[in-house]
There are 2 protein chains.
Amino acid sequence: MAGLTIGDLADRTGLAVSAIRFYETHGIVAPVRNAGGHRRYGRHDLRRLSFVMAAQKLGFPLAEIAAHLAPLPPHKAPTKADWTRISKTFRRDIDDRIAALTDLRDKLDGCIGCGCLSLKSCALYNPADAKGKDGSGPRNLKQIAG
Amino acid sequence: MAGLTIGDLADRTGLAVSAIRFYETHGIVAPVRNAGGHRRYGRHDLRRLSFVMAAQKLGFPLAEIAAHLAPLPPHKAPTKADWTRISKTFRRDIDDRIAALTDLRDKLDGCIGCGCLSLKSCALYNPADAKGKDGSGPRNLKQIAG
DNA sequence: CCTTGATCTCAAGTTAACTTGAGGAATTAG
DNA sequence: CTAATTCCTCAAGTTAACTTGAGATCAAGG
């Protein structure tokens with residue numbers, strides 16, 4: 001059981017080799033090294049990366065994803081209980097997100113009805129969420145996640 | 001009817017003045033200039049910016065949002081028909097997104113059941129969408145939008 | 001009229017999430 | 001045992017979406 005090479009992982013996940021190395025610097029995978037200094041991964045790393053890919057499709061920032069994965073054992077396969085727990089947390093996040101989208105859709109339906117010509121009563125224009133400024137850099141990812 | 005200053009717009013939308021100027025370079029607003037070279041906006045620009053903010057919360061990239069707004073008249077208030085049309089398109093996008101999230105949630109439910117211990121049958125691991133590589137830069141926003 | 005305060009322009013910095021490239025070793029197929 | 005792959009590290013480039021700063025001008029209250 002020599003483990004998987006980074007190329008194997010790339011082939012099986014569809015990720016670029018460079019991306020997998022990048023994820024390592026963010027604590028998402030923690031491969032072991034062989035005699036020649038090459039990375040060797042376990043099958044559980046396939047699962048970690050799949051989770052990352054799924055979560056990213058939802059717009060979650062890497063840091064948050066890494067936090068979700070942090071409690072799992074880094075080198076061994078996690079137990080069924082481990083995965084069940086993190087899956088449930090993830091599910092909660094998805095539910096929140098669906099709720100937010102549904103809410104926005106309903107508001108938009110109102111806008112379609114009114115033609116959005118009245119600013120005072122427009123749900124899109126008055127989203128009931130005020131300011132959320134912190135630091136510099138892109139804002140919208142944080143907004144998605146928040 | 002002198003129009004709104006950029007500061008007015010910032011106060012009423014919650015956006016930073018710099019952000020509004022930035023949006024101008026991306027064709028999202030097209031203010032007129034007064035004698036002294038200062039920007040003057042109309043009330044319809046409030047609506048444009050609100051739309052941008054709402055769409056961004058959903059993770060849509062600015063370029064796509066700009067494209068949605070492009071068919072609207074830049075300096076005059078759009079007609080009710082204009083807004084209804086773009087609202088409907090937007091709604092379709094929201095629906096797609098809700099569907100994708102719901103789908104993922106269902107898959108995840110399967111994973112919670114199985115403990116995600118079987119890689120071959122894991123819905124998260126086999127998302128039925130293969131590769132989508134184009135150019136450099138961040139990938140996940142494109143993935144969201146795709 | 002004069003002093004704040006708001007704007008202007010333009011260049012450069014920032015964060016996230018990666019990719020690309022250079023120069024050099026380790027693996028593996030034949 | 002080579003030759004071709006694959007992998008290594010490290011620095012630097014890229015895109016999106018803004019922010020920050022400098023130096024200068026415009027506008028508005030007293």
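So that the names make sense, note that chain A is the first sequence line, chain B the second, and so on, each numbered from 1.
Heavy atoms only, all atoms of each residue included: A/Asp93 and A/His68 are closest at OD2-NE2, 3.1 Å.
Nearest nucleotide to the side chain of A/Ala16, out of D/dC18, C/dT19, D/dC7: C/dT19. Comparing C/dT7, C/dA17, D/dT19 against the side chain of A/Phe22 picks out C/dA17 as the nearest. Here the side chain of A/Arg21 is nearest to one of D/dC18, D/dT9, C/dA17, namely D/dT9. Closest to the side chain of A/Leu62, from the set C/dA17, C/dT19, D/dC7, is C/dA17. Residue A/Ser18 places its side chain closer to C/dT19 than to any other of C/dC18, C/dT7, C/dT19. Closest to the B/Pro61 side chain, of the nucleotides C/dT19, D/dA17, C/dT7, is D/dA17.
For the side chain to side chain donor-acceptor pair (under 3.5 Å) test, no residue two or more places apart in sequence or in another chain qualifies with A/Arg21. For B/Pro71, the side chain to side chain contact (heavy atoms under 4.5 Å, CB included) partners at least two apart in sequence or on another chain are B/Arg85. Residues passing the salt bridge (Lys or Arg N to Asp or Glu O under 4.0 Å) test with B/Asp95, sequence neighbours excluded: A/Arg105, B/Arg91. For A/Ala10, the side chain to side chain contact (heavy atoms under 4.5 Å, CB included) criterion is met by A/Val17, A/Ile20, not counting sequence neighbours.
With rounding to the nearest 0.5 angstrom, the CG atom of A/Asp45 is 6.0 Å from the CG atom of A/Leu9.
B/Asp11 places its CG atom 9 Å from the P atom of C/dA6, with the value rounded to the nearest Å. For the pair A/Ile20 CD1 and D/dC7 C1', the interatomic distance rounds to 13 Å; values are reported in whole Å. Atom CD in B/Glu24 sits about 14 Å away from atom C1' in C/dC10, given to the nearest Å. Rounded to whole angstrom, the span from the CG atom of B/Leu4 across to the P atom of C/dA6 amounts to 16 Å. Rounding to whole angstrom units, NE2 of residue A/His26 and C1' of C/dT15 are separated by 11 Å. Regarding A/Asp8, its CG atom lies at a distance of 11 Å from the P atom of D/dT6, rounded to whole Å. Distance, A/Phe60 CZ to C/dA17 C1': 17 Å, rounded to whole Å. Atom CD1 in A/Ile6 sits roughly 15 Å away from atom P in C/dT28 (whole-Å rounding).
Remark: B/Asn34, B/Gly36, B/His38 in residues 29-39 of chain B come within less than 4.0 Å of DNA chain D through at least one heavy atom.
Note on B/Thr5: every side-chain N or O is 4.0 Å or more away from OP1 and OP2 of C/dA6. Phosphate proximity of D/dA17 to B/Tyr23: absent, as no side-chain N or O sits under 4.0 Å from OP1 or OP2. Taking side-chain N and O atoms only, B/Gln56 has no distance below 4.0 Å to OP1 or OP2 of D/dA16.
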Identify each donor-acceptor pair in which a side-chain atom of residues 31-40 of chain A lies under 3.5 Å from a protein atom, sequence neighbours left out, and give them as a table.
{"residue": "A/Arg33", "atom": "NH1", "partner": "A/Gly37", "partner atom": "O", "Å": "2.9"}
{"residue": "A/Asn34", "atom": "OD1", "partner": "A/Gly36", "partner atom": "N", "Å": "3.0"}
{"residue": "A/Asn34", "atom": "OD1", "partner": "A/Gly37", "partner atom": "N", "Å": "3.0"}
{"residue": "A/Asn34", "atom": "OD1", "partner": "A/His38", "partner atom": "N", "Å": "2.8"}
{"residue": "A/Arg39", "atom": "NE", "partner": "A/Glu24", "partner atom": "OE1", "Å": "2.6"}

